[in-house]
Amino acid sequence: MEEKTLLSSRPEPQKVDPALEPQKVAPVPELERVAPPTAYKKVAPGIEPGLLHPLDNIEDVDDFYAAINREHLQKALSPERPYTYWTIELYDKKNGIRGGGGLGVLAADTRRVAEQMNVPLTLITPFYPSEQHQKCSINDNNGFSFQNQTESIPVDYKDYGFTFLDTVNIKANKGLVKLDVVEKVLGSTRLLCITEPGFGELYSGDSGGDHRLYQEVALGFGGYQALKLAGLKPAIMQLNEVATFFAALARLDELASNGMDFYEAVVYTRKHTLYTNHTLVQAAEATFNYAQFERYVFPNLKSSAVKKWLSDKFDNGYIKLSTVTIEIAELRSGVSKLHARVANYREISGKKVKFKAVTNGIDIPTWTAKPAVDYLKEKQILDKFFLPTADYVENLEALTAEDVKKIKLAGRVELNTVLERRVDQYGNPVHIPEDALLFEFKRRFVDYKRPWLPFTDPIRLKNILEKYNAHYILSGRVHEGDFTMTGRLAGVLETIDKDPVLKARVHYLPDYDEELGRALSVGANISINTPIVGLEACGTSWMKDIVNFGILVSTHDGGVADCPADSYLNISGETEAEEVESLYERMNEAAAAWNNAFELESILKTELKNFLPVISGTRMLKDYLEYLFPEKS
């Protein structure tokens with residue numbers, strides 16, 4: 001029977017050249033270093049004011065490799081053989097792709113850091129043809145009512161400087177789907193994307209549904225073909241979460257179908273694949289059934305040995321992608337020290353998976369106010385790689401409350417500029433006075449992050465805000481279909497609506513995005529982070545607050561737990577009631593510190609001394625390179 005063709009008017013894809021992939025087990029070839037194309041620049045052109053600022057040029061990638069004792073990477077990595085980074089989600093609106101949360105933000109930061117350090121990196125991800133925006137409405141004329149709404153907005157890759165390369169085919173549901181392959185070169189890095197009009201939005205449908213499986217298969221098999229179209233051979237494949245599993249499967253299938261012994265193909269694929277896990281519990285993961293794989297996965301496999309290998313991984317007709325991702329990746333990492341220690345994942349044999357801890361980091365120049373970055377570099381606290389200097393602890397002693405307040409004042413101006421384009425839960429503009437303190441909670445709205453916790457006792461919260469002339473901004477996105485969280489948010493907003501003081505001083509800003517996230521980091525004084533201990537893998541919002549001289553009030557979880565609990569204002573307690581009491585005490589302590597120079601300096605110096613080595617995105621990239629490419633003896 002002839003297969004039906006979707007979007008058949010597009011050109012046929014180029015054929016894959018089998019010679020591009022090695023045919024035997026071997027270490028990463030020691031290629032001669034190739035000079036970057038003329039399109040590669042030290043710093044991304046067209047830097048957007050207020051989001052990024054010009055950097056000190058890195059003289060050469062050799063400089064960075066030498067600093068981390070990995071000079072041999074001059075040969076192991078090249079523009080033609082890059083570090084490949086696979087993600088179902090990217091949060092980089094400047095380049096037209098809006099993600100859903102921390103996974104996408106981290107992906108964008110990883111690419112930016114690689115660009116600044118001149119490390120060859122290709123990020124493979126879908127370009128979603130539409131994106132969701134959230135808005136809310138409150139009607140309190142006839143009793144309180146709340147609606148959380150989403151709207152879909154079309155996005156065109158051509159509007160963001162992407163170049164169309166060609167199309168590739170994947171098989172899905174007894175038909176062929178043509179995927180556009182588009183790319184955008186940014187310094188030593190590139191965004192390589194697959195897309196088609198019916199691809200849908202990020203995380204469309206149920207997590208175990210057909211459309212979600214289609215998106216993941218398209219990224220894996222289509223993205224791997226896209227690498228070939230671009231003439232690239234991956235030095236390493238970093239799979240971020242299990243949604244990217246099919247990329248490694250596509251590589252395994254190509255090796256096995258091109259003549260390599262199956263077991264040699266498995267060994268080669270495993271040795272060059274890193275699975276980075278960003279969640280804590282395997283049991284919470286969605287499953288797919290065998291019939292779904294017959295429609296979307298098996299038709300894309302050429303090797304019968306690979307089909308059998310994959311079929312054998314099903315348990316009673318169902319499969320968890322983490323099971324096979326663990327099997328196909330010899331290298332495995334978690335995103336904080338705590339996460340790597342407590343993540344509960346098992347191999348098929350039942351053996352507990354050991355994860356290498358590589359704590360997430362942030363691209364400091366992207367998320368930090370320029371006056372703050374300038375100050376940290378002028379005081380020789382950060383070096384040109386945005387890593388702490390050898391004597392950063394001693395140099396931090398020069399930090400003064402007066403300097404910090406000047407920097408935060410500039411940040412408040414930037415925040416208010418952004419707020420001019422936003423409205424609160426009532427549809428009104430928000431302006432935070434320059435002389436007011438500002439608390440903020442800016443995180444994805446999910447149950448374990450507990451954004452409602454400060455509203456447990458409205459009177460206590462009201463008293464703190466009045467006493468210290470403070471405001472509170474609450475911002476985050478609720479996933480579509482998360483009715484529990486929508487109900488929680490409605491309850492918080494009703495609590496605010498009932499009290500005139502809270503109504504004047506607490507502002508919920510819907511449609512949270514990276515612009516608002518950065519503005520809150522640079523313009524707020526105190527950050528609230530309240531995850532249930534043991535459920536946060538890492539988180540990075542708090543990192544942005546610390547580097548912008550904000551006071552962190554947090555539970556001891558995720559990446560925060562990389563450092564001792566006395567490194568910040570720790571929320572403690574054996575029960576939630578005890579945590580709530582501790583939270584209010586810490587909020588009082590943080591607010592009072594902004595009126596006491598000695599206390600403010602003490603808290604901020606302690607935070608920065610402990611966390612600067614953790615939060616640097618350059619440190620994160622350094623850790624990955626050291627793990628993936630061990631120092632040669």
Any donor-acceptor pair under 3.5 Å from Arg70 side chain to Phe629 backbone:
yes

Would you call Asp363 and Arg111 a salt bridge, taking side-chain N to carboxylate O under 4.0 Å as the test?
no

Once you round to the nearest 0.5 Å, how far does CD of Glu579 lie from CG of Asn570?
9.5 Å

Work out which heavy atom in Ile381 is nearest to a heavy atom in Tyr392; give both atom names and the distance.
O-CB, 3.4 Å

Does Thr276 form a side chain to side chain donor-acceptor pair (under 3.5 Å) with Gln238? I'd like the steps, not just the answer.
CA-CA 7 Å; Thr276 300; Gln238 181 172 356; 3.0 Å; yes

Flag the pair Leu274 / Leu239 as yes when at least one side-chain heavy-atom distance between them is below 4.5 Å, and no otherwise.
no

Should Tyr472 and Leu437 be marked as a side-chain contact (heavy atoms from CB on, under 4.5 Å) after you check the CA-CA gap, both sets of side-chain angles, and the distance that decides it?
CA-CA 9 Å; Tyr472 192 113; Leu437 285 181; over 6 Å; no

Over all heavy atoms of both residues, which pair between Gly523 and Leu438 is shortest? Give the atoms and the distance, please.
O-CD2, 4.2 Å

Rounded at 0.5 Å granularity, tell me how far CD1 in Ile603 sits from OG in Ser567.
12.5 Å

Within 45° of the axis and under 6.0 Å from the centre of the six-membered ring of Phe445, does NZ or CZ of Arg443 qualify?
no

Modelled atom types, side-chain donor and acceptor of Asp63 and Tyr65, under 3.5 Å
no

If you measure from the Lys or Arg side-chain nitrogens to the Asp or Glu carboxylate oxygens, is any gap between Lys449 and Asp557 under 4.0 Å?
no

Looking only at heavy atoms, which two atoms of Tyr91 and Tyr512 are closest? And how far apart?
OH-O, 3.4 Å

Could you verify whether a donor N or O on one side chain and an acceptor N or O on the other, from Trp367 and Asn548, lie under 3.5 Å apart?
no

All ring-ring contact (aromatic ring centres under 6.0 Å, His included) counterparts of Trp542, not counting sequence neighbours:
Phe611

Give a yes or no on this: more than 12 heavy atoms of other residues, nucleotides or ligands lie within 6.0 Å of atom CD of Glu402.
no

What I want to find out is whether Lys609 reaches Glu397 closely enough, with some N-O distance under 4.0 Å, to be called a salt bridge.
yes

Is there a side-chain contact between Leu202 and Glu89, using heavy atoms and a 4.5 Å cut-off?
yes

Tell me whether Ser616 contacts the main-chain N or O of Pro613 through its side chain, where contact means a donor paired with an acceptor under 3.5 Å.
no

Yes or no on side-chain contact (heavy atoms from CB on, under 4.5 Å) for Phe439 and Ser527, after CA distance, side-chain angles and deciding distance?
CA-CA 6 Å; Phe439 293 88; Ser527 171; over 6 Å; no

Between Glu330 and Tyr275, is there a side-chain donor-acceptor contact under 3.5 Å, judged purely by atom types and distance?
no

Less than 4.0 angstrom from a charged side-chain N to a carboxylate O is my criterion; do Arg112 and Glu514 meet it?
yes

Lys/Arg-Asp/Glu bridge criterion (N-O < 4.0 Å) met for Asp383, Lys377
no

Taking the side chain as every heavy atom from C-beta outward, state whether Val413 and Glu434 have any atom pair closer than 4.5 Å.
yes

Check for a donor-acceptor pair, side chain of Tyr160 on one end and backbone N or O of Ile97 on the other, with a separation under 3.5 Å.
no

So, Asn95 versus Lys184: side-chain donor-acceptor pair below 3.5 Å or not?
yes

Do Thr359 and Asp562 have a side chain donor and acceptor closer than 3.5 Å?
yes

Look up atom CZ in Arg422 and atom CD1 in Ile473, then write down how far apart they are to the nearest 0.5 Å.
10.5 Å

State whether a side-chain donor-acceptor pair under 3.5 Å links Asn277 with His339.
yes

Taken to the nearest 0.5 Å, the spacing of Ile532 CD1 from Glu536 CD works out to 10.5 Å

Do we see a donor-acceptor contact under 3.5 Å between the side chains of Ser554 and Asn529?
yes

Check for a donor-acceptor pair, side chain of Thr273 on one end and backbone N or O of Thr269 on the other, with a separation under 3.5 Å.
yes

Is a side-chain donor-acceptor pair under 3.5 Å present for Thr555 with Thr530?
no

Decide, yes or no, whether a salt bridge links Lys356 with Asp623 under the criterion of side-chain N to carboxylate O below 4.0 Å.
no

Stepwise side chain to side chain donor-acceptor pair (under 3.5 Å) check, Thr279 with Tyr345:
CA-CA 10 Å; Thr279 52; Tyr345 281 72; 2.9 Å; yes

When you measure from the side chain of Arg412 to the backbone N and O of Ala524, does any donor-acceptor pair fall under 3.5 Å?
no

If you define the side chain from C-beta out and look only at heavy atoms, does anything of Trp86 sit under 4.5 Å from Asn240?
no

If you define the side chain from C-beta out and look only at heavy atoms, does anything of Leu382 sit under 4.5 Å from Thr389?
no

Is the side chain of Ser475 donor-acceptor paired with the backbone N or O of Lys442 at a distance under 3.5 Å, no angle test?
no

Phe549 side chain near Tyr375 side chain, heavy-atom distance below 4.5 Å:
yes

Rounded distance (nearest 0.5 Å) linking atom OH of Tyr83 with atom CG of Leu77:
9.0 Å

For the pair Ser602 (side chain) and Phe598 (backbone), establish whether a donor and an acceptor sit closer than 3.5 Å, ignoring hydrogens and angles.
no

Please check this pair: side chain of Thr540 against backbone of Met543, looking for a donor-acceptor N/O pair closer than 3.5 Å.
no

Where do Ser188 and Glu115 come nearest, in terms of heavy atoms and distance?
OG-CA, 3.7 Å

Where the side chain of Asn610 meets the backbone of Thr606, is there a donor-acceptor pair that is under 3.5 Å apart?
yes

Salt-bridge contact Lys379-Glu394 (side-chain N to carboxylate O under 4.0 Å)
no

Correct closest heavy-atom pair for Ser336 and Ala357 would be O-CB, 3.9 Å

With a 4.5 Å heavy-atom cut-off, do Val105 and Leu90 have their side chains touching?
no

At what distance, to the nearest 0.5 angstrom, does OG of Ser521 lie from CD of Glu414?
10.0 Å

Stepwise salt bridge (Lys or Arg N to Asp or Glu O under 4.0 Å) check, Asp513 with Arg518:
CA-CA 9 Å; Asp513 59 13; Arg518 182 188 189 279; over 6 Å; no

Hey, what's the ring geometry for Tyr157 with Phe127, parallel, tilted or perpendicular (30° and 60° as the breaks)?
perpendicular

Counting only heavy atoms not in Glu585, do more than 12 sit closer than 6.0 Å to its CD atom?
yes

Counting heavy atoms not belonging to Lys405, are there more than 12 under 6.0 Å from its NZ?
yes

Is there a side chain to side chain donor-acceptor pair (under 3.5 Å) between Thr125 and Thr87 once you walk through the steps?
CA-CA 5 Å; Thr125 194; Thr87 178; 5.1 Å; no

Between Gly96 and Val155 the two heavy atoms that sit nearest each other are O-CG1, 3.5 Å

Got Arg341 and Phe355 here, is their nearest side-chain heavy-atom distance under 4.5 Å?
no

Looking at Ile236, is its backbone amide N or carbonyl O close enough to the side chain of Thr84 to form a donor-acceptor pair, meaning the two atoms are under 3.5 Å apart?
yes

